[in-house]
Amino acid sequence: MVNSQIQTENSQQQILIGKIQAIFFENSDNFYKVLQVKLLEADFTWPEEEIVVTGNFANLSEGEKYRFFGHLFEHPRYGKQFQAENYQTELPTQTTEIVNYLAGENFPGIGQKTAERIVKVFGTATLTKLQQDPASLSQLGLSKKQRQTLIDNLTNTGDQQQAVIELNRFGFGSQLTARIYEHFQKETLAVLHHQPYRLAFEINGIGFKRADRIAEQQQIAADDPQRLQAALYQSVYDLCHNTGDTYTSAPSVMQQAMDLLLRSRRVTLSEKQVADQLVTLAADGKIVVEKRRIYLRHYYEAEWKIAEQIKTLLQRPVKLPEKKVQAIDKLLTEIALQLKITYGAEQLQAIKTALKNRLLLITGGPGTGKTTIINGIVALFAAVHDLSLDANDYQTDEFPIVLAAPTGRAAKKMSETTGLPAVTIHRLLGLNGSDGQDNYQANENLTLASQLLIVDEMSMVDTSLFERLLAAVPTSMQLILVGDQDQLPSVGPGQVFADLLACEKLPQIRLEKIYRQKQSSTIISLAHAIKKGILPADFTKNQFDRSFIACSEHQVESAISQIILYAQKKKLNLNDVQVLAPMYRGQAGIDHLNVILQNLVNPKGTKTKELVANQQSFRIGDKVLHLVNSPENNVFNGDIGQIVGINLAQDNPQKPDQVIIDFDGNEVTYLRKDLTKIKLAYCVSIHKAQGSEFKLVILPLVNMFHRMLNRNLLYTAITRAKKMLILLGQKEAFQTAVDHVSVNRKTSLLERLSQALRVKQSQQSISLSQSSINHGQTSINEETTKYILTSQLIANEEIDPLIGMNGLKPIDFKHKN
DNA sequence: GAAATCTC
């Protein structure tokens, strides 16, 4: 956030004027700072002299006065503080203050004496006078440099001020403005005026269109090479991020880019012109072309790094003393007794294998005992290595076992089921949202210190995140990756878990046996059939635990209403009943069903307390879904709670609007502005339900959802049902879902793994028997010569950037360690 | 067309 206009559109905004006493904390990546501020003036009451202010601030000086715009906020851990959304320098008005200000660090070369002299002439009006009439400075006998310093800082002609003004003029908000200036520094203006497309390449959050609008104002021609390159780059990016593929093809990129260029400015360009720039882009190393694939450089490298790091890990086998190995079975028996669990053969096998391998993949559907196995692994690992699992024993040392998951909710679940701390992978690696996934340089030197890392819900980990995770894993660590490969794929490009499992050389265990449900469950057999791409003939036939109701899109709401009423009559707890749907829009969509069900189950009576926010009404008793992670409240994205209290400001003017929500015994208070984090949850999206289970699931699928329908989605939805499943809608919609294979993204991770691991094997065989070296193997060695891809190599035409070329050599992106 | 991550 940089000095900018007072926001007037938000009438609820509070204002605070204060002097910065200290900067408690700052995150160098995104300008997030925590300040201690001496309060001078505010439009709210505050009992103390000081207040903590948080927000994103570009450049602040301790001791200076600022005007902050934002909200008071009750932080559960740090108490009441002010969250600033915007700020500006507050110019001093008293003569002594003005003197101090001018003599301060903002005006190098102006001392106390000079400052006094200036203020003596202009008095309290000094600053406005100098701003409005800089020429008046000439009468004071200052040096040229002093005059310039004053003018620059007071009249916004300094580098930064000008850049900021220019950025604001182009419509950038305070956060982007700060990021852009921090990135380009003194170059900012030059970049804006002459190379605006660099914004699209280098700043996360700025795309081609935005850069192109600036370029157009700078009269940069529609066929300027930098424009074409930016559009091509954006197209590769968009294609990969929309499809989940880690690479795309030349025809797709060309089509997308031509389209983008034409839509942004109505100027027709020739394909040849644009194609030429694709080659340049590859030559510059911004994209990588291999065979017929076009990668963003980041994903190309990430796949290689993953493969190489896995190879490195596998090269260092786990050495367990013979004595310990012999004790394993005995220890496992003790653990089973202690945890009161009877392990199945498959589970014992998984736990033992985990202990002996550097890397192990474990995949299994719901009910196959993944959690039980994780618990077993933790217990056995601790027993074998004589480790304490009491966090109090590790006040200073790193806890030896780390549990992590890609989502906050999955991490919370892990922590609950194991009784050990678990974190999100992002938190583990110290990643924060503002440097996006493609900024993979950050934290490259981080190395995790624990001995065992277990990651759950691996199917949700994408290529970028996994690459960063592996970069932090030392070869001394053991890594267990657990998930269900048939669930929904990751948001970002890649299908890491599926690719890893497809690589037969990686130690892996596939859990088939279902422990939780009776084998007779027809929900499970239906799930298995769907996994194989079959919609069984008995699909519409009612079973003891599932049924199908044929209806049209418009009949869905009444059909579901009747089911719910029936469930109520049968005294079923409605918290155990969950409606799932793929999409928000439409008659059978989530939003509409939520309104219908809310009015059915929790209608508005004459005395019902209700709060309306974001076009939704919230009433006491409503079932709601929390949409972001709030670890401080122990509430995570995807958690479902119930509204147990509403306080309205109109009833009690001393208190603001409040909604109190109970999450399984944990009561959390929401203010009006927090209600954006909440949605009605009578019906939730299948994506949000991933990771949760319900006794009764009601799943409407209609043809209108067809773009969303695929096998993983259907599998994920029906496996949320523990006891009962009611399917309704159009039969063809279910068929469409089964027929459409979703985890079939275009990636080259499997190929990289094969390449990397083949090298390892050939090296091993060479070391085993020197005589086996022959011409064939020499060529393998040659092929595997390690080098880093550089533009020099491309320039030397060792790597041909032209589309359709062949024979790119494996590249070693080995991690250090 | 839905979807994850976030600092004291």
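Note that the coordinates shown come from a computational prediction; the quantities given were computed from them, not determined experimentally. Protein chains get the first letters and strands the later ones, always in sequence-line order, with residue 1 at the start of each.
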Figure out the [atom1]/[atom2] separation between [X] and [N], and round it to whole Å.
X: A:M583; N: B:dA3; atom1: CE; atom2: C1'; answer: 14 Å
X: A:Q83; N: B:dC6; atom1: CD; atom2: P; answer: 16 Å
X: A:M708; N: B:dA2; atom1: CE; atom2: C1'; answer: 5 Å
X: A:K688; N: B:dT5; atom1: NZ; atom2: C1'; answer: 12 Å
X: A:E632; N: B:dC6; atom1: CD; atom2: P; answer: 10 Å
X: A:D238; N: B:dA3; atom1: CG; atom2: P; answer: 20 Å
X: A:L625; N: B:dA3; atom1: CG; atom2: P; answer: 9 Å
X: A:R179; N: B:dT7; atom1: CZ; atom2: P; answer: 16 Å

Checklist entry - Stepwise, does the salt bridge (charged side-chain N to carboxylate O under 4.0 Å, His left out) test hold for A:K679 with A:D591? => result CA-CA 9 Å; A:K679 240 182 188 318; A:D591 289 336; 3.6 Å; yes
Checklist entry - Any side-chain heavy atom of A:V52 within less than 4.5 Å of one from A:Y78? => result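 A side-chain contact is absent here, since even the closest heavy-atom pair is not under 4.5 Å.
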Is the shortest side-chain N/O distance from [X] to OP1 or OP2 of [N] below 4.0 Å?
X: A:Y78; N: B:dT7; answer: no
X: A:N629; N: B:dA4; answer: no
X: A:T54; N: B:dT7; answer: no
X: A:R427; N: B:dT5; answer: no
X: A:T424; N: B:dC6; answer: yes

Next on the checklist: Does A:F705 reach a base, just sugar-phosphate, or nothing at all? Heavy atoms under 4.0 Å.
Outcome noted: nothing
Checklist entry - Counting any heavy atom closer than 4.0 Å, what does A:Q81 reach on the DNA or RNA strands: base, sugar-phosphate only, or nothing? => result base
Checklist entry - Pick the nucleotide of DNA chain B nearest each of A:N637 and A:R585; which residue has the one closer to the 5' end? => result A:R585
Checklist entry - So which one's nearest nucleotide on DNA chain B is more toward 5', A:P582 or A:L627? => result A:P582
Checklist entry - Considering all heavy atoms of both residues, which atom of A:S459 and which atom of A:Q690 are nearest to each other, and what is their separation? => result OG-NE2, 4.1 Å
Checklist entry - Of all heavy-atom pairs between A:A404 and A:L428, which one has the smallest distance, and what is that distance? => result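 Result for this residue pair: CB-CD2, 4.1 Å.
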Item to check | Nearest-0.5 Å distance, CE of residue A:M704 to CZ of residue A:R585 | outcome: 4.5 Å
